[in-house]
Amino acid sequence: MKDSAPLATPAITTTGNSQVLNIWGGFPLAGEVRISGAKNSALVVMAGALLGAQACRIHNVPHLADVRKMVEILLSLGVKVGHSAGGVLDVDARDLQGASPSYGLVSQMRASFFILGPLLARLGETWVPLPGGCDIGARPVELHVRGLQAMGAEVEIDHGIVHAWVKNRRLQGTRIYLDYPSVGATETLMMAAVLAEGETIIENAAQEPEVEDLANFCRSLGAKIRGAGTNTIIIVGVQDLHGAEYSIIPDRVEAGTFLVAGAITHSSISVFPAVPEHLTAVTAKLQGLGFDLVSDYPRQLRILSPLVYPGTDIETMPYPGFPTDMQAQFMSLLSLSSGDSVVTETVFENRLRHVAELNRLGADIRAKGNHAIIRGVPHLSGAPVMATDLRASAALVLAGLAAQGQTTIRGLHHLDRGYESLEVKLQALGAKVERTYQPD
Ligand code: EPZ
């Protein structure tokens, strides 16, 4: 018997309460959901706008907590920033003053470290707080630092502050081999190289679509970059850059999350806009489980879901391998398969914290090291759960959509970092979900 969802959202009181999501599971979804601009593009493109001494207009920038934090960081540097309701972000870094943002601002979000490369390239010296670790891992930055040193920067790390400077104010192009295809290090070094003297070659570079999006943004400013999206990126430094108008790619992780929402509720839903080739590893896995993925028109994907699907094994890898940012969401799906699965997380060292919360919903998952062994169960049961990080919170939402009864999710600050109006989008697809307040 399915619990009936309340007819109306109860009046919200706001004293001493925290926001929660209530989800009543078991309802099929239908329709098409609009995908927002990619968080992991928008954040680094906002940092890239520091390179240009001209105004930039960036379209399709999602309204997310992390984007708001990056806006604050840019404002603290004397940059003029405006973010319209329609997702248009105006950035004017002509009067770039501060070379060191506040510790409080930077330590709240790892992506703020992206400003190091552009500030160093633009000003010749900068002080950027070291980003702390986060829920999913220690998140070191030695690949960023070593690459900048190879380009002639001096770097000292003291009291949690990265002080970087260049003797003659201009970085020198060079050949850099990344020990690991780090997305952030690739982006830091690519941005730094844009204004460096001479040619920089980044080998074993990250190939994620967001890296390519950043390169295309920098090229729209007048940068000379080729090879982005492959493992070798070549940048020829220029003296200065002009302004530009640019549009961020759709968020492949949001699109993948909604495809799994369709899969886990045995529904047929579609996502638009999306770039199917950015989702190949995810759609291939879904097809391997018996789900059909069709494209009715350009930049759209629709999923057709069978009632029963087998288990499978997943190993997260750098792009174009299976994305770590989709691992938790897939674990929710696999917890309801008819078989057994093994999920191996190779990118981050602490990204299996959603296992315990999924087990509270009735999943049968054992975490051993960086592996999770999943035995499919016939159903999940709604319960109160706590989100532990951004993608884990999405996984709990997906599990709640399928669970019998009501699931209440706390820790929504994680979710709001990376998903724009998730519950509104799900409601529009027919999900019984509400955001409300509950006593702490
Ligand atoms: C970016 O993080 C994304 N974040 C992450 O998305 C994403 O999971 C990750 O790339 C991998 O795709 C943004 O773009 C803002 P990495 P980033 O440098 O750049 C180690 C989400 O959920 N490493 O490729 O930090 C690192 O510790 C977020 O949207 C070093 O050891 O990822 C990790 O184990 C989560 N030394 C691995 O490499 C370094 O100097 C991958 O990190 C840099 C990284």
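Start at 1 with the first residue, then count along the sequence. Read the numbers this way: they start at 1 and go in the same order the structure lists the ligands and their atoms. Note: hydrogens, waters and symmetry copies are ignored here, and every other heavy atom, side chains too, is used.
Summary of contacts: the protein heavy atom closest to atom 2 (O) of ligand 1 is Arg139 NH2, 3.5 Å. Nearest protein heavy-atom neighbour of atom 8 (O) of ligand 1: Asp325 OD1, 2.6 Å. The shortest contact between atom 35 (C) of ligand 1 and any protein heavy atom is with Arg351 NH2, 3.6 Å.
Within the 4.5 Å cutoff, the side chain of Val20 has heavy atoms near those of the Thr436 side chain.
Below 4.0 Å from some heavy atom of Leu143 lie the following atoms of ligand 1, by number and element: 36 (N), 39 (C), 40 (O). Every atom of ligand 1 with a heavy atom of Arg110 under 4.0 Å away is listed here by number and element: 25 (O). Heavy-atom proximity to Ile136, at under 4.0 Å, picks out these atoms of ligand 1: 35 (C). Set against the non-hydrogen atoms of Lys39, the atoms of ligand 1 under 4.0 Å away are 21 (C), 29 (O). Each of the following atoms of ligand 1 lies closer than 4.0 Å to a heavy atom of His144: 40 (O). The contact set between ligand 1 and Thr324, taken as ligand atoms under 4.0 Å from a residue heavy atom, comprises 8 (O). Set against the non-hydrogen atoms of Arg391, the atoms of ligand 1 under 4.0 Å away are 21 (C), 22 (O), 29 (O). Listed by number with element, the atoms of ligand 1 under 4.0 Å from a non-hydrogen atom of Gly184 are 18 (O), 19 (O).
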**OP:** Could you give me the CA-CA distance, side-chain angles and deciding distance for Leu286 and Ile303, then say whether side-chain contact (heavy atoms from CB on, under 4.5 Å) is met?
**Re:** CA-CA 9 Å; Leu286 286 167; Ile303 187 168; 4.1 Å; yes

**OP:** Decide salt bridge (Lys or Arg N to Asp or Glu O under 4.0 Å) for Arg351 and Asp325; before the verdict, give the C-alpha distance in whole Å, the side-chain angles of both, and the deciding distance to 0.1 Å.
**Re:** CA-CA 10 Å; Arg351 205 172 197 179; Asp325 294 348; 2.7 Å; yes

**OP:** Might you work through the side-chain contact (heavy atoms from CB on, under 4.5 Å) test for Ile202 and Met190, ending with a clear yes or no?
**Re:** CA-CA 8 Å; Ile202 305 173; Met190 187 164 71; 4.2 Å; yes

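When heavy-atom distances to ligand 1 are checked against a 4.0 Å cut-off, Arg146 has no atom that comes that close, whether in backbone or side chain.
Checked against a 6.0 Å centroid threshold, the rings of Tyr246 and His59 do not count as neighbours.
When Gly147, Ala185, Gly137, Pro140 are ranked by how near their heavy atoms come to atom 43 (C) of ligand 1, first place goes to Pro140. Of the candidates Asn40, Val347, Val44, the one placing a heavy atom closest to atom 6 (O) of ligand 1 is Asn40.
Atom CZ of Arg302 sits about 10.0 Å away from atom CG of Leu293, to the nearest 0.5 Å. In this structure, CD in Glu210 is found 4.5 Å from CD1 in Ile249, a value given to the nearest 0.5 Å.
Some N or O of Val183 is nearer than 3.5 Å to an N or O of ligand 1, by distance alone.
With Ile365 as the partner, the side-chain contact (heavy atoms from CB on, under 4.5 Å) test is satisfied by one option alone out of Ile373, Val377, Leu358: Leu358.
Take Gln172 and apply the side chain to side chain contact (heavy atoms under 4.5 Å, CB included) test, not counting sequence neighbours, and it matches Asn168, Glu197.
Side-chain atoms of Glu345 and Thr324 include a donor-acceptor pair closer than 3.5 Å.
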